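Because the structure is predicted, anything quoted here is derived from the model rather than measured.
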Amino acid sequence: MAQRNSITSAIAADFTGRFPSSSELEAVSSWLREGQSRLSAAQVLTRNADELSENAVRSVSQKFPDAARASKSLFTFLPEGESHSFKGDIDILYRLLIYRLLVGNDNPEATFLDEILQQISCVIHESPEISPIWYTEALETLRNNLGLSGESAVEVDSYIDNVIAAFS
């Protein structure tokens, strides 16, 4: 939130009849760099989503054979009778991660996405058929196969850590 306040104060400088300070301009520059890094990470994740998802499901299934056979839907909004798969769960988690990358930390939508993640975490912990370790493993597999470096890697790692922490 500090960045948004600095950005607001940099813009507000004009209203007070002064030029933005160098620290205010640096905050704007930093915010823009982080936004570009998040966008780059989201683009890579989106472009390679099917392959990344398949790799994660394969990795989890090899380590935890029960994950592939779990029949209860993690995401309870699916209509009764609609087929469900562990891959579907992973795809939804990846989309949540992409959305989180797109909105960043200082956006009202981030709170909404955090609430969704908390609901998912509750379902995982309340369902005896589901193990949080499966989803953690899928996210670790994603992290290890994205092929990102620099700020984009730092940004996506931060968001993956947040999702994993919600499952712990």
Between [atom1] on residue [X] and [atom2] on residue [Y], distance to nearest 0.5 Å:
{"X": "Ile90", "Y": "Asn55", "atom1": "CD1", "atom2": "CG", "value": "12.0 Å"}
{"X": "Glu54", "Y": "Lys87", "atom1": "CD", "atom2": "NZ", "value": "5.0 Å"}
{"X": "Trp134", "Y": "Ser59", "atom1": "CH2", "atom2": "OG", "value": "14.0 Å"}

Taking every non-hydrogen atom, the tightest pair across [X] and [Y]:
{"X": "Arg38", "Y": "Leu102", "value": "NH2-O, 4.4 Å"}
{"X": "Asn145", "Y": "Leu52", "value": "O-CD2, 3.6 Å"}
{"X": "Ala41", "Y": "Leu148", "value": "CB-CD1, 3.7 Å"}

Review point. Without hydrogens or angle criteria, can the side chains of Arg33 and Ser37 be said to hold a donor-acceptor pair below 3.5 Å?
Key: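 No pair is found: no donor N or O on one side chain lies under 3.5 Å from an acceptor on the other.
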Is it true that a side-chain atom of [X] and a backbone atom of [Y] form a donor plus acceptor pair closer than 3.5 Å?
{"X": "Ser61", "Y": "Val57", "result": "yes"}
{"X": "Thr136", "Y": "Pro132", "result": "yes"}
{"X": "Arg100", "Y": "Gly104", "result": "yes"}
{"X": "Glu24", "Y": "Ser21", "result": "yes"}
{"X": "Ser40", "Y": "Gln36", "result": "yes"}

Would a 4.5 Å heavy-atom cut-off, applied to side chains only, mark [X] and [Y] as touching?
{"X": "Arg47", "Y": "Val44", "result": "yes"}
{"X": "Ser53", "Y": "Tyr94", "result": "yes"}
{"X": "Glu140", "Y": "Ile164", "result": "yes"}
{"X": "Leu97", "Y": "Leu142", "result": "yes"}
{"X": "Leu39", "Y": "Leu101", "result": "no"}

Review point. Do Lys63 and Glu137 sit within salt-bridge range, that is, some charged N less than 4.0 Å from a carboxylate O?
Key: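 Looking at Lys63 and Glu137, the cut-off is met.
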Exercise for review: Inspect the contact between Arg95 and Asp91 and indicate whether a charged nitrogen and a carboxylate oxygen are less than 4.0 angstrom apart.
Suggested key: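 Arg95 and Asp91: not salt-bridged.
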Which atom pairs, one a donor and one an acceptor, fall under 3.5 Å between side chains of residues 155-162 and the rest of the protein, sequence neighbours left out?
from	atom 1	to	atom 2	distance (Å)
Asp157	OD1	Arg143	NH1	3.4
Asp161	OD1	Arg143	NH1	3.0
Asp161	OD1	Arg143	NH2	2.8

Check your understanding: Near Leu25 CG, under 6.0 Å, is it more than 12 heavy atoms from other residues, nucleotides or ligands?
Key ->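 More than 12 within 6.0 Å, yes.
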